[in-house]
**Q** 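Structure provided below as structure tokens; questions to follow.
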Amino acid sequence: MSSEHAPVSHFIRNIVEADLASGKHKSIVTRFPPEPNGYLHVGHAKSICLNFGLAQDYAGRCNLRFDDTNPEKESEEYANSIQEDVRWLGFQWAGEVRWASDYFEALYGYAVELIEKGLAYVCELTPEETREYRGSLNAPGRNSPYRERGVAENRDLFARMRAGEFPDGSRVLRAKIDMASPNINLRDPVIYRIRRAHHIRTGDAWCIYPMYDYTHCISDALEGITHSLCTLEFEDHRPLYDWVLDNISIGCHPQQIEFSRLELQYAVTSKRKLLQLVNEKRVSGWDDPRMPTIQGMRRRGYTPEGIREFARRIGISKSDNVVDMSVLEGCIREDLETRAPRVMAVIQPVKVVLSNFEPGVTSSREAGFHPNHPEFGSREVPISREIWIEADDFAENPPPGWQRLVPGGEVRLRYSYVIRCDEVVKDGDGNIVELRCSLDPNTLGKNPEGRKVKGVIHWLSAEHALPAEIRLYDRLFTVPEPDADKDVDFHQYLNPASLTVVNGWVEAAVRDAAPETRYQFERLGYFCADRREHQPGEKLVFNRAVTLKDSWAKEQG
RNA sequence: AGGGGUGUCGCCAAGUGGUAAGGCACCGGAUUUUGAUUCCGGCAUCCGUUGGUUCGAAUCCAGCCACCCCUGCCA
């Protein structure tokens with residue numbers, strides 16, 4: 001288990017610390033408030049780590065609250081996966097899961113309070129008229145003709161909206177603020193709409209649903225949230241957040257603080273676009289290992305610890321940012337480096353016949369599962385007359401600097417003998433069929449005498465190796481910012497080679513590995529037994545989570 | 001009649017008047033039966049820009065410039 005790194009200072013921590021120091025709060029309460037309308041992605045992971053992490057670090061609490069105010073888009077499937085993802089990332093929310101819908105009755109009551117204070121009114125403008133009356137970025141809006149209705153009439157109308165007397169979309173409840181505000185969110189925002197839709201929690205109990213801006217601040221206050229953290233696009237909504245809480249009888253006023261969303265190179269992090277990729281079958285599903293979803297990263301083989309470390313490294317700020325893939329990959333490698341057992345696998349096999357192999361004389365060696373962790377144990381790495389080596393590890397015409405096998409050259413078989421390539425056997429088309437090699441019997445566990453063999457390659461005894469389906473993943477997009485240009489469809493940057501499936505060989509030691517077991521296949525990368533299709537002892541399926549760093553490949557360009 | 005934000009190394013990001021942290025990436029070099037890991041070393045005379053205040057400014061002031069967000073009965 002890798003040790004957690006020290007927290008990194010950022011402006012929200014500074015605010016929390018100042019509030020704790022000044023006594024403004026005895027302890028903090030944060031919340032992670034997803035809408036159950038899609039799967040969580042790496043950007044949500046940042047928010048989860050922030051909110052739950054803060055609660056952890058300052059001995060506070062963090063709630064999980066579903067913002068379920070739009071029944072048309074929400075589903076139980078999403079709500080369940082979100083809970084699973086939060087837990088998988090290693091966090092536990094305080095108490096039960098909360099739902100904004102738990103507060104529908106209270107929300108209704110506060111709306112009545114606003115009406116009674118003359119601060120909300122029922123408006124009968126059509127959606128088109130409402131838009132027209134709102135004005136534009138450069139021009140003030142105009143008051144709705146329904147704006148000056150009396151309190152009693154508004155109260156009656158709102159009650160009848162709830163009672164289902166009016167058709168969907170025919171009326172809304174609006175906050176009476178300022179149609180001339182330069183902040184469009186304050187131009188008498190709609191706070192309730194009529195929508196006859198089946199809600200995942202409340203069923204058909206309601207036909208009116210509160211809007212986000214109205215719901216979120218009250219939900220926060222009801223839960224005693226101290227710091228309500230959200231992304232930058234809600235900065236303009238803060239005056240409304242504050243307006244609602246300032247105008248109802250509620251004894252709590254959380255502070256909303258905004259930070260910038262995470263953008264990741266070679267990925268898209270917009271629920272809409274991710275949903276599109278799923279619906280259009282560009283990927284196999286929300287958990288396709290190429291997706292930047294938490295489910296996808298999990299299936300790929302990324303670890304919760306690695307993702308948490310990633311969140312820590314990228315920091316929290318208010319500036320727009322596009323984080324290098326190398327940061328995420330580095331975190332995953334670093335975590336897996338210390339905890340993944342090493343075994344060998346060959347993904348692009350070339351047969352090698354060891355001409356001087358002698359049964360009963362040529363012996364095997366034991367190999368530890370991890371160079372720095374003897375406690376991981378070891379296994380026998382058997383050898384036989386025929387072995388598989390990686391096609392990339394042999395070259396007839398090697399480039400300068402090559403350390404692997406060449407005709408007439410020597411190379412070390414990892415945990416075994418040094419071999420020399422004596423003959424290259426080809427078919428009629430000139431393709432290599434097999435390599436004839438001889439081993440130096442005096443090199444098992446020791447260096448050859450009188451010469452140095454620099455190259456070490458991985459290999460597998462053909463007699464003992466197990467077949468495995470191996471899925472090699474590459475970035476989903478061909479450019480770092482596939483959705484940077486609004487006029488260019490991001491689909492055109494889909495990487496056609498983002499998935500390569502090969503039939504390779506693995507060591508018998510992984511035969512019974514449970515799904516989600518991670519290994520380092522030496523010299524190839526970190527791999528994870530597929531969560532869904534890998535069957536221990538039956539059908540072996542491994543996903544490549546991330547390659548190893550490869551300074552040779554880099555040097556080759 | 002517009003409003004709200006952001007600009008510090010290729011990418012993140014500390015710093016909040018006392019003379020530019022850290023991470024990733026990158027470049028050297030050492031060790032290595034993973035061209036991995038590990039280990040050493042290098043990597044912003046400069047903080048969007050122009051002026052100003054000050055003994056002293058990335059930090060304060062003014063003006064410019066660039067980019068992001070906002071006109072859902074979405075969140």
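Protein chains get the first letters and strands the later ones, always in sequence-line order, with residue 1 at the start of each.
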**Q** Once hydrogens and angles are ignored, does a donor-acceptor distance under 3.5 Å link the base of B:C73 to the side chain of A:Arg195?
**A**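 Yes.
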**Q** Does A:Val172 reach a base, just sugar-phosphate, or nothing at all? Heavy atoms under 4.0 Å.
**A**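 Here A:Val172 touches the bases of the nucleic acid.
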**Q** Choose from B:C24, B:A13, B:G35 the nucleotide whose nearest atom is closest to any side-chain atom of A:Val327.
**A**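 Taking heavy atoms from C-beta onward, the closest nucleotide is B:C24.
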**Q** Expressed as a whole number of Å, how far does the C1' atom of B:G15 sit from that of B:C60?
**A**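 Pairwise C1' distance, B:G15 against B:C60, rounds to 16 Å.
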**Q** Base, sugar-phosphate alone, or nothing: which one does A:Glu72 contact when heavy atoms must sit under 4.0 Å apart?
**A**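 If one applies the 4.0 Å heavy-atom cut-off, A:Glu72 turns out to touch nothing in the nucleic acid.
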**Q** Ignoring hydrogens and geometry beyond distance, is the side chain of A:Asp236 in donor-acceptor contact with the base of B:G3 at under 3.5 Å?
**A**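 Present.
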**Q** I'd like to check the side-chain hydrogen bond (donor to acceptor under 3.5 Å, both in side chains) partners of A:Arg195; sequence neighbours left out, ordered by chain and number.
**A**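 If we apply the side-chain hydrogen bond (donor to acceptor under 3.5 Å, both in side chains) test to A:Arg195, skipping adjacent residues, there are no hits.
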**Q** So, do A:Tyr121 and A:Phe158 have ring centers that fall under 6.0 Å from each other?
**A**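 Between A:Tyr121 and A:Phe158, the centre distance exceeds or equals 6.0 Å.
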**Q** Would you say the side chain of A:Arg404 and the base of B:G35 hold a donor-acceptor pair, judged only by whether the two atoms sit under 3.5 Å apart?
**A**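 Result: at least one qualifying N/O pair found.
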**Q** Pick the C1' atom in B:G18 and in B:G10, then give their distance to the nearest Å.
**A**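 My reading of the C1' atoms in B:G18 and B:G10 gives 31 Å.
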**Q** Counting side-chain heavy atoms from C-beta on, which of B:U33, B:G15, B:G3 comes nearest to A:Arg414?
**A**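 That would be B:U33.
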**Q** Let's test your reading of the model: under 3.5 Å, does the base of B:U33 pair with the side chain of A:Arg365 as donor and acceptor?
**A**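 Per atom types, the contact qualifies.
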**Q** With a 4.0 Å cut-off on heavy atoms, is A:Phe234 in touch with a base, just the backbone sugar-phosphate, or nothing at all?
**A**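 It contacts base atoms.
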**Q** Looking at B:G2, B:G35, B:A75, which one has an atom nearest to any side-chain atom of A:Pro182?
**A**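 Nearest to the side chain of A:Pro182 among the choices is B:G2.
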**Q** May I ask whether A:Tyr212 stacks on the base of B:A75, given the cut-offs of 5.5 Å between ring centres and 30° between planes?
**A**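 No.
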**Q** Base, sugar-phosphate, or nothing: which does A:Leu262 touch, judged by heavy atoms less than 4.0 Å apart?
**A**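 Nothing: the residue A:Leu262, judged by heavy atoms under 4.0 Å, touches no strand.
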**Q** Just to be sure I understand the rule, does A:Asn14 reach a base, reach only the sugar-phosphate, or reach nothing, if contact means heavy atoms closer than 4.0 Å?
**A**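 A:Asn14: backbone/sugar contact only, no base atoms under 4.0 Å.
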**Q** From B:C73, B:G2, B:G35, pick the nucleotide closest to the side chain of A:Arg134?
**A**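 Nearest to the side chain of A:Arg134 among the choices is B:C73.
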**Q** Could you report the tightest heavy-atom contact between A:Pro34 and A:Arg65, atom names first, then the distance?
**A**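 Result for this residue pair: CD-O, 3.3 Å.
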**Q** Base, sugar-phosphate alone, or nothing: which one does A:Gly445 contact when heavy atoms must sit under 4.0 Å apart?
**A**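 If one applies the 4.0 Å heavy-atom cut-off, A:Gly445 turns out to touch a base.
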**Q** Check whether any side-chain N or O of A:Ser181 sits under 4.0 Å from OP1 or OP2 of B:G3, and answer yes or no.
**A**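 So the side-chain polar atoms of A:Ser181 never come under 4.0 Å of the phosphate oxygens OP1 or OP2 of B:G3.
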**Q** Touch check for A:Leu137, heavy atoms < 4.0 angstrom, all strands: base, sugar-phosphate only, or nothing?
**A**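 Base, at least one base atom sits under 4.0 Å.
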**Q** Between B:C73, B:U33, B:G2, which one does the side chain of A:Arg412 approach most closely?
**A**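 Within the option list, the nearest is B:U33.
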**Q** Using only atom types and a distance under 3.5 Å, with no angle test, would you say the side chain of A:Arg98 pairs donor to acceptor with the backbone of A:Asp102?
**A**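 Flag not set: sc A:Arg98 to bb A:Asp102 has no pair under 3.5 Å.
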**Q** Touch check for A:Ser317, heavy atoms < 4.0 angstrom, all strands: base, sugar-phosphate only, or nothing?
**A**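 Sugar-phosphate, no base atom in range.
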**Q** For the P atoms, the ones on B:G48 and on B:G3, what distance do you get once it is rounded to whole angstrom?
**A**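 Here B:G48 and B:G3 have their P atoms 24 Å from each other.
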**Q** Hey, can you tell me if A:Phe521 and A:Phe527 have their rings parallel, tilted or perpendicular (30° and 60° cut-offs)?
**A**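 A:Phe521 vs A:Phe527 ring planes: parallel.
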**Q** Side chain of A:Lys73 only, please: which of B:C74, B:C24, B:A13 is the nearest?
**A**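 Comparing B:C74, B:C24, B:A13 against the side chain of A:Lys73, the answer is B:C74.
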**Q** Within the structure shown, what part of the strands sits under 4.0 Å from A:Lys554 by heavy-atom distance: base, sugar-phosphate, or nothing?
**A**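 The answer is sugar-phosphate, as A:Lys554 gets under 4.0 Å only of primed atoms, P, OP1 or OP2.
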**Q** From the options A:Glu390, A:Glu522, A:Glu507, select the one residue that forms a salt bridge (charged side-chain N to carboxylate O under 4.0 Å, His left out) with A:Arg414.
**A**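 The single option meeting the salt bridge (charged side-chain N to carboxylate O under 4.0 Å, His left out) with A:Arg414 is A:Glu522.
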**Q** Quick check: on RNA chain B, is the nucleotide nearest A:Gly135 upstream (toward 5') of the one nearest A:Lys318, or the reverse? Name the residue that is more 5'.
**A**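 Checking each residue's closest nucleotide, the 5'-ward one belongs to A:Lys318.
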**Q** On RNA chain B, check which nucleotide each of A:Val322 and A:Lys549 is closest to and give me the residue with the more 5' one.
**A**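 The answer here is A:Val322.
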**Q** Does NZ or CZ of A:Lys318 lie under 6.0 Å from the centre of the six-membered ring of A:Phe259, at an angle within 45° of the ring axis?
**A**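 A:Lys318 over A:Phe259 ring: no.
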**Q** Taking syn as within 90° of 0 and anti otherwise, name the glycosidic form of B:G48.
**A**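 It is anti.
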**Q** Of the nucleotides B:A75, B:G15, B:C24, which one has an atom closest to the side chain of A:Ser9?
**A**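 For the A:Ser9 side chain, the nearest candidate turns out to be B:G15.
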**Q** Are A:Asp168 and A:Arg196 close enough for a salt bridge, meaning some N to O gap below 4.0 Å?
**A**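 Yes, A:Asp168 and A:Arg196 are salt-bridged.
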**Q** With sugar-phosphate meaning primed atoms plus P, OP1 and OP2, does A:Pro33 contact a base, only sugar-phosphate, or nothing at under 4.0 Å between heavy atoms?
**A**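 Here A:Pro33 touches no strand at all.
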**Q** Closer than 4.0 Å, any side-chain N/O of A:Ser319 to the OP1 or OP2 of B:A13?
**A**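 Yes, because at least one side-chain N or O of A:Ser319 sits under 4.0 Å from OP1 or OP2 of B:A13.
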**Q** Quick one: which of B:A14, B:G35, B:C12 gets closest to the side chain of A:Asn321?
**A**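 Closest of the options to the side chain of A:Asn321: B:C12.
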**Q** Name the closest nucleotide to the A:Met211 side chain, picking from B:A25, B:A13, B:C73.
**A**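 The closest nucleotide is B:C73.
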**Q** Do A:Phe234 and A:Tyr212 have their ring centres less than 6.0 Å from each other?
**A**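 Yes, ring centres under 6.0 Å apart.
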**Q** Of the listed nucleotides (B:C73, B:C69, B:U71), which one gets closest to any side-chain atom of A:Ile184?
**A**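 For the A:Ile184 side chain, the nearest candidate turns out to be B:U71.
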**Q** Tell me, which stems hold RNA chain B, with a stem being 3 or more Watson-Crick or G-U pairs in a row and both distances under 3.5 Å?
**A**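 B:2-7 with B:65-70, B:10-12 with B:22-24, B:26-30 with B:38-42, B:48-52 with B:60-64 - these are the stems of 3 or more pairs that involve RNA chain B.
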**Q** Answer with base, sugar-phosphate or nothing: what part of the nucleic acid does A:Gly401 contact at a heavy-atom distance below 4.0 Å?
**A**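 Contact class for A:Gly401: base.
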**Q** Checking A:Arg134 now: which residues fulfil side-chain hydrogen bond (donor to acceptor under 3.5 Å, both in side chains) with it, not counting sequence neighbours?
**A**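 Partners of A:Arg134 by the side-chain hydrogen bond (donor to acceptor under 3.5 Å, both in side chains) criterion come out as none, since no residue qualifies.
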